Structures are given as C-alpha cells and as structure tokens.
Amino acid sequence: MDAQSYNAGLTELRTVRDQVKRVRAELARLEADRDKRIAHLATYAKAKAERIAPAAGLSVADVVAVAPTLAPDHLAQDDEPAAQPEDQAPAPGPTGPQPAGQPGATAPAIRPAHPHPHPEPSAPPAAAPATPAGPRTLPGIPEGEAGDAWFAHTAGLASTRPNFTQQARSTVFLDATTGILVHRQQTHHLDLGNATAADILTAVFHTVPEGVERIYITAGDPWHRDADRYPYLRDAVAAWLNAPIPGWRTDTGRGRDRMAGHFVHARNPVGRYQRENSDQHVEIRSVGEWFDTDGDDPATIRDAFVLLWQALRRHWNDAVIMGSPSQTGRDLWTRTIPTRGQYADGFPVLSEELRGLLHATAGQGRNELITPPRVDEQLPRLVEYDRTFAYAKHTWKSPVGTPRRITAAAFASWPEKEQIRALYGCGHWQVRVTVPDTWNHVGLLPAPAPGDRAWHYPASPGTTFTTWAGGPEIHTALTNPIQPWKIEILDGILWEDGKPLDDWAKKLKETWTNLSAQAQFHGDPQQARAAHLASRAVRSILLYGIGAFAQRPRMVTGTTPRSMERDVPPDAEIISFDDEWITWHKPTGFSRDPNAHPEWAAAIWSAARAALLTQRHRDDNTYAGALHTPPGTVVAFRTDALYLTQPQNWPYHHQPGDYLLRGHLTGPVPAPTTEEELLSLRDAGRAELAHSAAKEA
C-alpha cells in the first residue's frame, strides 16, 4: 500500500465511522421510543409483560426492567448459561474435603444458628424473582411437616439397568467449507451450494442413497453463514434450522432415546429432520460437542470416533456412541447399575421439591475474574494451570439413600466429632458465613449475586452472607491452610455415602488413559491425533454425563407465525424473530426422568470448587490450589483452571486432577478486566509456552 491508498483508506474509514454514529443514534432513539411505549402500555390495569414482550421483541425480564409494575408473581429462573447442547451442562468434579491436619489448619469453628434456623422466609424451590439491581435470595426448606415431606423419593421413579441394546446410527462426517464427506472408508467431494440445511441434506442423500441418520459437521459452521444479517448468533442459527426444506419436516422424535425438535445453540446446534411421508430421520450436529478441532480433516475425526468406540467396547460390550457426549455418558452409566445388592432395583429419584431446591441452590463451576485493585494493574506474567481430566478424580463418593433433614438445633446437639463427620460426608447445607476480619485472599464460598443463576465469592473482611454449599466447600472453609471462616449451620440435607458413579468413572478413566497413551506413542501422526481427539471425547462423556444428572427444568422451543403473534404462549420467552416467524421457548418443569440425580452433580460441583482452593497430593506430601499461592497472585478461576501471576512447583504425574501448566505469558501485561481480555491473554500464553517447548525440543 502506498501513501495515496493509505490516505484514501483513512477517508473511507471516517465515512464508515460517521455512518456508525448515525446508526447508533437512530438505534438509541428507537429504543428510547420503544421503552416509552412499553411504559405507557404498563399503565393499563390489565397489562401483562407476557403480552408486551413479543410485541416489543424483548424477553419478559427485559420488559419488567423497563416497567417494574409488570413484574409477574413469579419468574422462572433460567439455569446457568449452557455451554453445550441439550442436557449437557459443564459439570466440574469434586474433591473430598481436606483433613484438618494439613499445614496451617486449625480446628473447625462450627456454630449452629439459633434460635431460628431460617433468617429469611422459607420459599418453595423455585428461583426468586431477580430484579436488575437487587440481590438474589436463595430458597430454603419450609418449616415443619411441609418441609419434612420433601425428604422422600418420587414414587415409581428410579434409575434402572436397561434391558435393551442401544442401536447405532449410520453416521457421516462433513466439512461444510470444503465439501469433503467421509462415509465409512470412503471420501467424497460434495457441492454444497449455499450450505443451507436443504443443500446439505440433498447433497448427502444423493451421495449416500442408502440413508444416513447422523451428519456431523466437522468444520464450516454453516448455521453461521448469514450471521451478519442478525443481531445475535442464536437468531442466525434459528433461521438456518427452521428454513423450509422441500420434502422434509422437523423431526418429532422416536425410539427410546426420543429427542424431538431442533436444538438452538449459538455454536453447537442440533437440527432434527424427518422425511415427509416416511420414517426416515436424520440429525445435523456439530462435532464441537465432543472436542475442539484444529483444522482436522473429516477422515481423522472419523478415525477418532472409531478409536473411541473400540476403546469403550473393552469395558462395555454393548457400547454405542450416541449423538452427544451427555447422552452417551448417561447410557453407559445405566449399564453399570448393579444387578445385585442394595440398588439392584435401581437408584430412586429425589422428590421434585428437593430436585428443585438443588437446581436453585447448587451452582456449577467457579468462573471468577479478579480485577484491580485486588490484583496489580500490570501483571508480571500470566500463568495458566489446568486440572487434567479433573472430574474423573472426584466420582469415588456420591450421595445415596433417603436424605435426612438436619436442622440447626439437631446439628447443635451433636458432638464436634459427629459434626465434622457430617460436613465431610455427602451433604448440602444452608449456612450463614462470615469472612474473617483479617482475611486477605480469595473468597471461599459461593454467594447468590444479582442476576439469574449468578454467583460470586465474597472475600472482603467482615462480610456476612447466607448461602447454600456442599460439604467439601464447607469443610475447606473451616480447615483451610490460612484461617478458618465462621460458619453457622442454618439447615441441611445429609445422605449416606455411596459409590453409584465409581464403576462408570473408573472405566472411563481407563479408556482415557489408554487413548492418551496411544496419542503419545503412536508412530502414525494421523492416528496419534485421532487418539488424542478420542481421549478428549472421553473427557466430554464424563463431564457432560455428570451435568446431565442435574436435570434442568425442561424447555420447549416453538415457532409462531408473525401473523398469529397472539398465539405465543403467555409464559414463553422470545428468543428470536424475523419478518415471518417468532421463535420462543418456555419452561415446562421437571420431567419424570428416571436418571435425574442432581444430588450427584451438586456434590461434584461443590468438590470441584473446593479442589481449586486446596488439593492434597498424598504421594508427594504436598498441596496445590489457589490458597497455596501468595495473596494477590490469583487472577482468575475458570471451572477447572487457575490463572496466576507466579509459576508454581506443583507435582504433575499425568493423573486426573493434577495441575498441568497450560500457558505462560511473559509480562508485564495489563490485568484483564473482561472475560474476552482474559481469553485473549490465555491464548497468547498457550502459544508462547508451545513456542518455548518447540525451541527446547
């Protein structure tokens, strides 16, 4: 580029800048006009946010934020943002609480609350309405017989071993950018046109006339082709999935693994189609549900799935790879349910009330960015440690049996030894927490923050808050290596200790170890890469299989013509719309899912958060985790990863739960203040570490 072109480019850029300013000003004017009209409509005595929301193109919560008088009696609380499709929730893994004898620990200071165990009014286990500025109050268990009735199992509902063989689906792997399709051992080159769903189905079924039931997209993200036409990726995805396809309609589900309708997800959607006047069904899915690819071709990805299936078959002779890791994980788990012993008749499902309480009060992975002034504005470096296959380490103990309610008075009546044993066991506790007056490190326990399903970790000295937390976190707060926190037991749920996930997890760990070894030592680079991808898929099976036990309240997605806008269900939330269609979803409560065990997921999530704080390495007689770093050196937590300003000499033996050095970015670097900035620095740190390793090699 010469100077003349450069100056001309600057002139054009200024023109675009001015256009952006004008468009933003017009958008602000329109939004202000919209909000004014919403406020005016709210003055009507019978106005309802559910009716105004679709007319405004907003969610009910957004309408209520503009006109608070429209707040309904109750607002259904969404779950944490799902990073994976369908019932897959990122599920961190647990760590048993550390013994009180670790260095620097003191005896627990447990204080039962009295005289009344509930400082806030008890509420049923549904999310409290969250206003934009107000704090979120977590529900509790009702007093007396009403609450005691929750402590039972749902009649006639239990996880049992299946008496059928899961059917495999005919699968192809398609790169939507190059048109390369791999079917069995054959490679084809397809003309995908504009890569619409219609183009893909037409091209695939022309090439594989005998029929295909699952199409994995390995690259290209065709559902993002028109993303620039929509304000949000979800809108573009919904439009791509719902575009009419001659000869096909949306699948309504079939079989024992019945999954109906499309699943709208910004990056890993699922399109389900059925040929008209036929029983032919097909799914279009993203391979990103299973693992991240790095330019891998469809043949390598197919080989990864073959290796995965072969490795699983060594432990399950009837193993079948299903559409998603979560479906596969739960199916494999059901095939480890014992046929003899106490649970030969299955693992019973908790009452809907307790499941709802766990859903509202048991958060998932810890995701926290610590910003200045709690850290320096300029960091000397940014070091990333990631816990290898962390969740596989923590499935050795899970809650089983009929839960018991432990009131504050009952807990206070126990001797200290029994109190410690209870907190070390499988429990979920409502507590009032006080941060020590001299505390100068990170927060230890999650507290409800403003916003749907939001959590934060108070660390300011003297702060008092009420929350729910699992035994591993409570025990860690009481026995941490710095200073014990004050914990007052308000209420609790306590189960027997059991091993419902142990056999399943051991088999997956052995599968992961085998594939990881193949990835490291295989002489063929393509097969080594395929083995690595397969090992990542095993991680996803366990991770999202655990998340699937949490069983969120079900959401139904539907579409309504714009001409019939009044037919949108009154309790639905608008998720996208265009000139012809309104796409919405609405909660339908908990289904009668025989594999719903949120108590298992909650225990694992709690212990995962505890493991990020302190974890004992018995063989090395040492500890790792955030509390074993100097104050002010922790920059962020991300589910199973720590970001620090100082490198640590923590042991790494390629075992689940070990802290692996993943990135090292030499400073000084500005402290990240947003997640995007953190991820950008993370990627730079990983690249720098990889470059250093390549130079040493």
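Because the structure is predicted, anything quoted here is derived from the model rather than measured. Residue indices begin at 1 and follow the sequence shown.
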Do you know the tightest heavy-atom contact between [X] and [Y]?
{"X": "His597", "Y": "Pro348", "value": "CE1-O, 3.3 Å"}
{"X": "Glu473", "Y": "Pro446", "value": "OE2-CD, 3.1 Å"}
{"X": "Val431", "Y": "Val433", "value": "CG2-CG2, 3.6 Å"}
{"X": "Pro672", "Y": "Leu681", "value": "CD-CD1, 3.8 Å"}
{"X": "Val442", "Y": "Trp485", "value": "O-CZ2, 4.4 Å"}

Legend entry - Salt bridge present between Glu510 and Lys506 (N-O < 4.0 angstrom):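 Answer for the salt bridge query: no.
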Inset, instruction - Flag the pair Arg539 and Asp640 as a salt bridge only when some basic side-chain nitrogen lies within less than 4.0 angstrom of an acidic carboxylate oxygen. - result: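 Yes, Arg539 and Asp640 are salt-bridged.
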Legend entry - Side chains of Asn480 and His441, donor plus acceptor under 3.5 Å: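 His441 and Asn480 do not have a side-chain donor-acceptor pair below 3.5 Å.
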Inset, instruction - Examine the side chains of Thr154 and Arg355 and answer whether a donor and an acceptor come within less than 3.5 Å of each other. - result: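 Distance-only check passes for Thr154 and Arg355.
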Inset, instruction - Step through it carefully: locate the ring centre of Trp600, locate the ring centre of Trp333, and say whether they are under 6.0 Å apart. - result: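 When the ring centroids of Trp600 and Trp333 are compared, they turn out to be within the sub-6.0 Å range.
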Legend entry - Gln419 side chain vs Phe411 backbone, donor-acceptor pair below 3.5 Å: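 Indeed, once roles are kept as given, a pair shorter than 3.5 Å links the two residues.
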Legend entry - Flag, side chain of Ser460 to backbone of Thr463, donor-acceptor distance under 3.5 Å: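 Not a single qualifying donor-acceptor pair exists.
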Legend entry - Note, Pro598 side chain near Phe549 side chain (heavy atom, < 4.5 Å):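 Not in contact.
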